[in-house]
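Inspection log for the structure reproduced underneath, given as structure tokens.
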Amino acid sequence: MNDFSQAFSLSLDLIFSLDARLAEIVLLSLRVSLSAVLIATLIGLPLGAALATLRFPGRRTVNAFLSSLMGLPPVVVGLVVYLLLSRSGPMGSLGLLFTPTAMIIAQSLLITPIIASLARQVSEDLWGEYRDQLTSLGCEPLRAVPTILWDGRYRLTTAVLAGFGRATAEVGAVMIVGGNIDHVTRVMTTTIALETSKGNLSLALALGMILITLSLTINVATFMIRDQVKGESL
Amino acid sequence: MTLPGSILPLKLVDLTYAVDGQKLVHNLSLEFIQGPKTLILGPNGAGKSLTLRMAHGLLKPTSGKVQWQQRHPQRHQAMVFQRPVMLRRSAAANIDYALNLKGLGKAEAAELRNEVLAKTGLSGIAARPARVLSIGEQQRLAIARAWALRPQVLFLDEPTASLDPKATRAIEDLIETIHAAGTKIIMSTHDMGQAKRLADEVIFLNQGMLSERTAASDFFSSPRSAEGRAFLEGELLL
């Protein structure tokens, strides 16, 4: 118990003294996850909205497939990206394995289905409300996609936040394709895993607290957006 | 009877709409010509809304045809729904959006939008978010948005069904104005008083079938169909 309280106070010291090593890890985490969120958002939001407005054969199958991809195990995504990027893999010549870029690729693959699926649900609600009116105004389903994205902007933010939450919290994919190399590919989750097993609890705890704070902030933001949307019929 | 450039007359030929084999609109054949305000009257479930939606092209009939006189009739008609659908932007932007879809440039759209806002008495709330307006104002805006498109034909599907009397009055006045400006009005209602106030001719539907089509002056004094008579008497008894 004494060890624990000592580790705890040490971890607080690390956070409030803005420890350089800690900051490096946190910043890399944010860089990787925010990049992945950006990529996944650019693909996922239009994809989700288009799946809501377009009618084509096999649409339900595509939707079911996309939804099932939401639960992809990060380690499997990591493995697949590893195989693609490894020296003997199809994209091996790019030399991306064990770089932050590889981690961004893996996280993008992991969260694009999440953002797309959630965006589709939001878009379907909105399209249900708008379809007759927009069709009457001469708006084709594909032309409706930017309309849906703009009019659903507040609600779609929650889809993006969910993707961000998932990206920052996952450990399996970045561990495999990043390799957890000190000063290169070490992020919050992989550091926590490593330092805990090494018994260096203070660094692990400090990162854990930052991660939890991040996750809480995301959830509170999501909650507040939902509340706002309901209250002002946005 | 076809005026140059007019999409009218509109012909509905043997129009049928069925769900799971049950015919909700039954072999309906009607012709709509330029001029009189046509009110489609009937009880709930008579098929008024379905008929308007098929005529406007929102619903594909199970069988039968909707025939217009021009190649691109969709560009020359508009529709107002029972519940106004407001985009999540300002009142003015709601109209701009519709004009933009029609391919109008920014300056031209702004001019037309300001004109129609003034005519519908909405200039004062142009900058307000459309969805915080009262339901009556929203419906006026929906009509303004439709009118801005300069339609030859305006379909209205029970546009006052969720409004209070004052807002209803404002909408009815607007409809008269739009009619006077030369747009063909085709509107459904289940409100007898409203039909009396607005109709030049009445199409009475019951259970998806045409009961009668009569000039308004005759319909309310001497309806020709038993269903029309029953409906009128039912209303009087209330």
Side-chain angles (χ1 to χ4, degrees), chain A residues 41 45-46 48-50 52-57 59-60 118-161 222 224-234, chain B residues 49-50 52-60 72-90 93-104 109 128-135 138-139 141-151 153-157 159:
Chain A
T41 300
L45 290 190
T53 61
L54 295 176
R55 292 291 174 272
F56 55 90
R59 178 175 159 269
R60 288 170 70 92
L118 295 174
R120 181 183 59 80
Q121 289 167 23
V122 169
S123 303
E124 269 178 0
D125 289 349
L126 216 50
W127 183 235
E129 184 190 335
Y130 282 2
R131 184 177 45 220
D132 280 351
Q133 180 67 67
L134 292 191
T135 308
S136 169
L137 293 174
C139 182
E140 304 290 330
L142 210 54
R143 172 66 182 77
V145 168
T147 308
I148 295 281
L149 292 180
W150 177 251
D151 280 35
R153 57 197 178 278
Y154 298 107
R155 280 186 272 182
L156 288 168
T157 313
T158 61
V160 175
L161 285 175
T222 303
M224 278 165 55
I225 292 167
R226 292 221 173 108
D227 230 34
Q228 192 83 355
V229 165
K230 240 187 257 168
E232 299 185 13
S233 55
L234 294 165
Chain B
S49 188
L50 290 173
L52 288 182
R53 277 159 194 268
M54 284 191 283
H56 187 44
L58 292 179
L59 266 186
K60 220 172 114 60
H72 299 290
Q74 218 56 43
R75 294 184 60 82
H76 302 290
Q77 49 178 302
M79 184 156 176
V80 171
F81 300 88
Q82 180 175 337
R83 300 194 66 83
V85 180
M86 295 287 111
L87 299 177
R88 287 152 172 81
R89 43 194 94 193
S90 73
N94 262 273
I95 298 177
D96 290 348
Y97 180 84
L99 292 171
N100 185 266
L101 276 177
K102 261 208 150 181
L104 264 72
R128 305 244 315 264
R131 297 174 70 87
V132 305
L133 301 177
S134 74
I135 191 87
Q138 288 190 14
Q139 192 61 294
L141 179 58
I143 292 180
R145 183 171 59 192
W147 196 19
L149 301 172
R150 296 272 175 271
V153 177
L154 179 60
F155 293 101
L156 300 112
D157 185 12

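Below, chains carry the letters A, B, ... as their sequence lines are ordered, and counting in each starts from 1. Keep in mind that the numbers below use all heavy atoms, side chains included, and drop hydrogens, waters and symmetry copies.
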Separation of B:N100 CG from A:T147 OG1 (nearest 0.5 Å): 9.0 Å
Audit row: A:Y154, B:R88, side chain to side chain contact (heavy atoms under 4.5 Å, CB included) steps and yes/no: CA-CA 11 Å; A:Y154 298 107; B:R88 287 152 172 81; over 6 Å; no
A:R131 versus chain B, the contacting section by heavy-atom distance below 4.5 Å: neither
Side-chain heavy atoms of A:T135 within contact of B:M79, under 4.5 Å: no
Shortest non-hydrogen separation from A:R143 to B:Y97 and the atoms involved: NH1-OH, 4.0 Å
Shortest non-hydrogen contact from A:E129 toward B:V85: O-CG1, 3.6 Å
Segment of B:R83 engaging chain A (4.5 angstrom heavy-atom cut-off): neither
Verdict with reasoning, A:D132 to B:R53, per side chain to side chain contact (heavy atoms under 4.5 Å, CB included): CA-CA 9 Å; A:D132 280 351; B:R53 277 159 194 268; 2.3 Å; yes
Which portion of B:L58 sits near chain A, non-hydrogen atoms under 4.5 angstrom: side chain
Within-4.5 Å side-chain heavy-atom neighbours: A:L137 and B:L149: yes
Test log, rule side chain to side chain contact (heavy atoms under 4.5 Å, CB included), inputs B:F81 and A:S136: CA-CA 10 Å; B:F81 300 88; A:S136 169; 4.3 Å; yes
Between B:H56, B:R89, B:Q74, the one whose heavy-atom pairs under 4.5 Å with chain A are most numerous: B:R89
